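In this text the structure is predicted, and so the values were computed from the model without any measurement. Every chain is numbered from 1 and lettered A, B, ... according to where its sequence line falls, protein lines coming before strand lines.
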Amino acid sequence: MGMSYRRYLNGARIYGCSNCKTHLAAIHTMISRAFNGQHGRAYLFEVVVNVIEGEPVDRVMTTGNHTVRDIYCCKCGETLGWKYIKAYEATQKYKEGKYILERNLLVDVQ
Amino acid sequence: MGPTNGHNGIASKTNGYSKPHVNGSSKSPVLNGVDGLKLKKRDTSIRQVALPGSTLYDDSHVDREEYIRLVIQSLRDVGYIESAATLEAESGYTMETPEVSEFRRCILEADWSNAHAALVRLGATEEDELWDAKFLISQQKYLELLEAGRTTTALQVLRRELARLSTDPDQLHALSSLIMCSNPEDLRQRANWDGASGNSRRQLLLSLQTESMNAFPQVTTAILEVHTDEVWNIAWSHSGNYLASVGRDKTAIIWRVEYDKDPSTRELSPQIILREHMFSVGCVAWSLDDSILLTASENIIKLWNSKTGVCKETLTQHTDVVAALTWLPDNSGFISGGLDRKIIFWDSNGRSVHTWTPCPVRVTDLAVMPDMTRLIVVGMYETSPTVPVGTTTPPEGGPPANAKPSSENRAIVYDLATKEPEMFIPLEGELSSVKVSGDSKYALINRAPASDSEPPSEIHLWDLETERLVKKYVGHKQSRHVIRSCFGGVDGAFIASGSEDGIIYVWHRDSGTLLEALTGHGAGSVNSVAWNPRNERMFASCSDDKTIRIWEAPPSTAAHPNSRIAEYALPELENGKGKGRERWDGYRAGSGSDVGASSIAL
Ligand SMILES: [Zn+2]
């Protein structure tokens, strides 16, 4: 595997892990603020970095059945949200490959 | 030992640049022309093909010459000598450096007055070998003069050169007795030498190449196995007697390596294991007097007493990963650089003297010139993700598919006194390593492509006086990982680098020719290489395979006729023994072709 550094983002606003400040996503790749996670409001992002993906699981959400992988901070291991692998409803297909981050687990970082 | 070709006669596969890992008929850049002479005469009807441009294809970044040279080398390595020769002829890219060509010309044309200088320029020899080689050249010159009947001049060579260079009175006596030979035929017979018009010059060339081979570290003399996870970085103490290693298992280990002792009897053991870090350790550096070892893990720097293993200080001023540590050449303290854009000067007790912030880049490595004039900083590329078009999704853990490299200059040369930037080096991609040459002239920077559209991984040699890129070294693999390189050999004549394919690559610094691709490490990356500061024939490498290897030149007992360099025997190591020691098993005589990677797979 070798040694590698965590990735760093730049942009107008960078969201990091509230626990350890690791860079996770930039505001200009945010697709939607209108999601709900386990801890309240959540954001949908096009691109998220420095996360480890868990095993795929099927989960029934308010918008139908989805296959998702939970995502964890690569530094501290905090569960931050999930990644959509497959949406079974045609109207929800746009979420495939995108990431949910829980707002309460995010903090602004530089 | 007879008076001629006394060192090794016709050595079949011997020179510093053969690759021990390939089977059988490894040919080398240096030997190539000689083999050409020994083999069939090269087909001179092959015409060189003239091609426009310098890239392999119109739309690629691949440098054609570099690529073709690697192909030629690969063909030669597996034994397709004629195919390699044909490709050399068609491409016009011969595998020789100008230095080697000049040296060969001097010997084959008996240009003795320039031969010694040409020999020195080959760069691979150290003092003992140089003297031995000079002796062989003078001996040839002496015999040719005698053969030509120029006895007076021959006597001058005997007195002025051979007497000074020889270490063996019997040998010198045997040579001087040849003056009594009645005629050239008698001389050739008594000297067991076939004359200026025979093969003697070519045999001399082979002998000389064997001499330079002996200086090149290309065999594993020890495998250090104590780390329980990937080994990420290594550093030699200034004394050359200790090696510090750090890695993913959160430890730092100080090993005693008696660099000046015979590999079979030297002490080689872990002295101290430093276990106080909470996370993986990526950085390590020694104080000038070797009394302090510095390590860094995440944002924490620790100062250790290198003798007792006691942690003297824990420094927490950095707010993100510390990626570089270097002791100052004037012993006033050390410098750290981090991904938090901070460069901090510390005194030798760990008190911060000055924080240089914010640096324009997130520092991934830094180096101070030995003459204390300049500090060279390389830094990280920051992804500026944009919303992809279509359905592209970023690969797991990898860069966003459409990330654009930022345009900032990420290699910066500072005036150390004024702390003002002097020079910005334009480089694309990820920069993971910077080293400076002992003469403060060159900087060596590893760059890896940050996206598929960039040129492949390269190591750049920058001349900091002329502010020019003077050489690129290619062939190794680096993408997302931190891979480090170093200068090595006499006057830093070699460039060595780790690689993600588990191979250690060694180039000739001035020509850029790939000299060695050393195998032996297991799966994963070779993360770093470090040349012993006191022994030009020794370096160390560390790998994801949890081990460190010590590489050395074969013993200077020289090769026997028809012998090949054998690997050190590498028996299966006992687990948990806490000590990895290998013994030199001597040369494997005969024409065995089974030495190499396959025989040492652990
Ligand atoms: Zn975290």
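Proximity to chain A is limited to the side chain of B/E298, based on heavy atoms less than 4.5 angstrom apart. Heavy-atom distances place both the backbone and the side chain of B/T364 under 4.5 Å from chain A.
Scanning for salt bridge (Lys or Arg N to Asp or Glu O under 4.0 Å) contacts around B/E276 gives B/K302, with sequence neighbours left out. Considering only residues two or more places apart in sequence or on other chains, A/Y5 meets the side chain to side chain donor-acceptor pair (under 3.5 Å) condition with none of them.
Counting non-hydrogen atoms of neighbouring residues, nucleotides and ligands closer than 6.0 angstrom, the NZ atom of A/K86 exceeds 12 such neighbours.
With rounding to the nearest 0.5 Å, the separation of CE in A/M3 from CD1 in B/I483 is 10.5 Å. Here the NE2-OG distance, from B/H481 to A/S4, works out to 4.5 Å after rounding to the nearest 0.5 Å.
Contact check on A/R6 versus B/D320 returns a salt bridge, with a Lys/Arg side-chain nitrogen under 4.0 Å from an Asp/Glu carboxylate oxygen.
In terms of non-hydrogen atom pairs under 4.5 Å with chain A, the most contact-rich of B/A323, B/S280, B/G498, B/S525 is B/A323.
Contact annotation: the side chain of A/R7 never approaches that of B/M380 to less than 4.5 Å [non-hydrogen atoms, C-beta and beyond].
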